Amino acid sequence: MYTQGLDSHGQRPVEARPDETHLLERFQARVDQDERIEAKDWMPDAYRKTLVRQISQHAHSEIVGMLPEGNWITRAPSLRRKAVLIAKVQDEGGHGAYLYSAAETLGVSREELTEQLLSGAAKYSSIFNYPTPTWADVGAIGWLVDGAAIMNQIPLCRCSYGPYARAMVRICKEESFHQRQGFEIMLSLSRGTPAQKEMAQASLNRWWWPSLMMFGPGDAESVHSAQSMRWKIKRFSNDELRQRFIDATVPQAQFLGLSVPDPALKWNEATGHYDTGPIDWTEFFEVLKGNGPCNRERMAARRAAHEAGTWVREAAVAHAARHATASAHPAGEAA
Ligand code: FAQ
């Protein structure tokens with residue numbers, strides 16, 4: 001019930017029906033030449049399915065991702081922080097809306113996608129199943145979670161599927177502001193009183209490892225990566241992006257005067273990258289199975305919100321129907 005899409009379908013190699021071989025070759029040639037694939041173009045069924053899976057999971061993540069920070073809107077420490085946080089959480093809702101629209105261009109309805117989320121059939125990012133017990137968590141989410149999201153999403157602006165790539169351009173601009181506001185909260189706390197600095201450190205300790213897990217399983221375990229990279233949906237592997245994030249973020253932690261909670265973390269002169277200790281993949285897969293600290297709470301909140309919004313959806317449908325009747329029979333014309 002609370003799983004995140006355990007009915008995962010491993011990506012089978014794409015096989016063309018005999019009559020599709022030519023279409024498939026042409027499609028791959030277009031992708032290889034970095035041409036954009038648009039909604040009405042021919043595309044292999046598996047490409048369409050992969051995009052619907054990834055884009056909808058991404059949309060669900062944005063929507064569920066409003067909850068951990070939304071938890072702090074009523075308790076933000078100043079009017080300025082409150083206004084910024086409200087705007088940030090609204091941006092995430094907007095990202096969800098663009099992404100659902102991008103998924104709809106592939107022939108799936110928003111209702112179906114919502115149903116998949118609410119029934120537990122669809123996944124959303126593991127990261128949003130962790131709690132936000134202190135204000136510093138709002139800083140850590142902006143700094144680390146939005147930071148990881150940007151690292152993963154900038155390459156998606158060059159995704160082969162046009163509607164997804166275009167949605168990502170605006171999303172990345174907004175995520176970049178989110179990352180800065182998070183870092184600025186962490187900076188204020190780490191330059192504040194000893195108690196504030198301790199709060200920032202505790203929050204880095206909580207969010208560091210889950211942020212690394214956001215990039216998905218290691219390359220050897222990533223079932224979709226190879227095919228998605230051939231299709232140029234993904235441009236870099238999970239491990240490559242994770243390493244880039246680590247290399248960019250460790251110096252930021254040093255600037256804040258905070259320690260990354262990894263005793264094995266070490267700069268490797270030979271590779272030009274940071275080496276890290278092992279990631280606890282058992283924790284990741286438990287979160288995906290629905291056993292993270294907040295999976296049940298997050299799904300319960302989404303179901304309650306959906307329920308509470310029923311009258312809005314009904315009113316919108318009634319309004320659209322009335323509008324359609326009025327334009328079909330303008331005033332003065334006989335019905
Ligand atoms: N959580 O074969 P791969 C954000 C699943 S938005 C849960 O490597 P793929 C903004 C994966 O779906 C954050 N499940 O899969 C924000 C697959 O299962 P399936 C979301 C995960 O697709 C900030 C299985 O494991 N971002 O943060 C995760 O090639 C602050 C095997 O994995 C996106 O969605 C995970 N972390 O690569 C909002 C970006 N990782 O589907 C509010 C777009 C993997 O077969 C506040 N997505 N899985 O049942 C992607 O780039 C890719 O889908 C990856 C996974 C990289 C996430």
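Keep in mind that this is a model prediction, so the values were computed, not measured. Both counts, for ligands and for their atoms, begin at 1 and track the order of listing.
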Suppose I only count heavy atoms of [X] and a 4.0 Å limit; which atoms of ligand 1 are within that range?
X    : result
G65  : 42 (C), 46 (C)
E62  : 6 (S), 10 (C), 16 (C), 38 (C)
V223 : 2 (O), 31 (C)
D146 : 23 (C), 30 (C)
Y124 : 1 (N), 7 (C)
S126 : 1 (N), 7 (C), 35 (C), 36 (N)
G216 : 40 (N), 44 (C)
F215 : 56 (C)

ask   = Is a salt bridge present between R48 and D41, judged by a nitrogen-to-oxygen distance below 4.0 Å?
value =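 Here R48 does not pair with D41 in a salt bridge, since their nearest N and O are not under 4.0 Å apart.
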message = Please determine whether a side-chain nitrogen of the Lys or Arg among K88 and D91 lies less than 4.0 Å from a carboxylate oxygen of the Asp or Glu.
response = no
Just by distance, no angles: are the side chains of [X] and [Y] close enough, under 3.5 Å, to form a donor-acceptor pair?
X    : Y    : value
Y124 : N129 : yes
D219 : N238 : no
T276 : D262 : no
Q54  : H224 : no
N268 : H273 : no

message = Can you tell me how far apart CD (E35) and CD (Q33) are? Round to the nearest 0.5 Å.
response =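 Answer rounded to 0.5 Å: 5.5 Å.
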Ligand 1 versus [X]: contacting region, heavy-atom distance under 4.0 Å:
X    : value
H58  : both
N152 : side chain
N238 : side chain
M214 : both
L288 : side chain
H224 : both
F285 : neither
H95  : neither

ask   = Are R244 and F236 in a cation-pi contact, defined as NZ or CZ under 6.0 Å from the six-membered ring centre and within 45° of the axis?
value =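 Verdict for F236: a cation-pi partner in R244.
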Cation-pi, Y161 ring and R30 (6.0 angstrom, 45 degrees) =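 No cation-pi geometry.
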Using non-hydrogen atoms of the residue, decide whether [X] is closer than 4.0 angstrom to ligand 1.
X    : result
E69  : yes
K88  : yes
S228 : no
F236 : no

ask   = For atom 4 (C) of ligand 1, which candidate among A149, G142, S222, S237 provides the closest heavy atom?
value = A149
key: Option nearest atom 10 (C) of ligand 1 (shortest heavy-atom distance, choices M213, R242, Q57, E175)   = E175
request  = Output yes when the distance from some N or O of ligand 1 to some N or O of E221 is under 3.5 Å, and no in every other case.
outcome  =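 E221 vs ligand 1: no N/O contact under 3.5 Å.
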query = Mind checking whether Y164 has an N or O less than 3.5 Å away from an N or O of ligand 1?
reply =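 No, Y164 has no N/O under 3.5 Å of an N/O on ligand 1.
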task = Using the test salt bridge (charged side-chain N to carboxylate O under 4.0 Å, His left out), find all partners of E104 that sit at least two apart in sequence or belong to another chain.
result =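 Partners of E104 under the salt bridge (charged side-chain N to carboxylate O under 4.0 Å, His left out) test: none.
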message = Please enumerate all residues that pass salt bridge (charged side-chain N to carboxylate O under 4.0 Å, His left out) together with R80, with sequence neighbours excluded.
response = E184
ask   = Going through the checks in order, is the side chain to side chain donor-acceptor pair (under 3.5 Å) test met by D239 and Q243?
value = CA-CA 6 Å; D239 285 335; Q243 186 66 54; over 6 Å; no
task = Determine, stepwise, if the pair R313 / H306 fulfils side chain to side chain contact (heavy atoms under 4.5 Å, CB included).
result = CA-CA 10 Å; R313 291 189 298 279; H306 190 70; 3.3 Å; yes
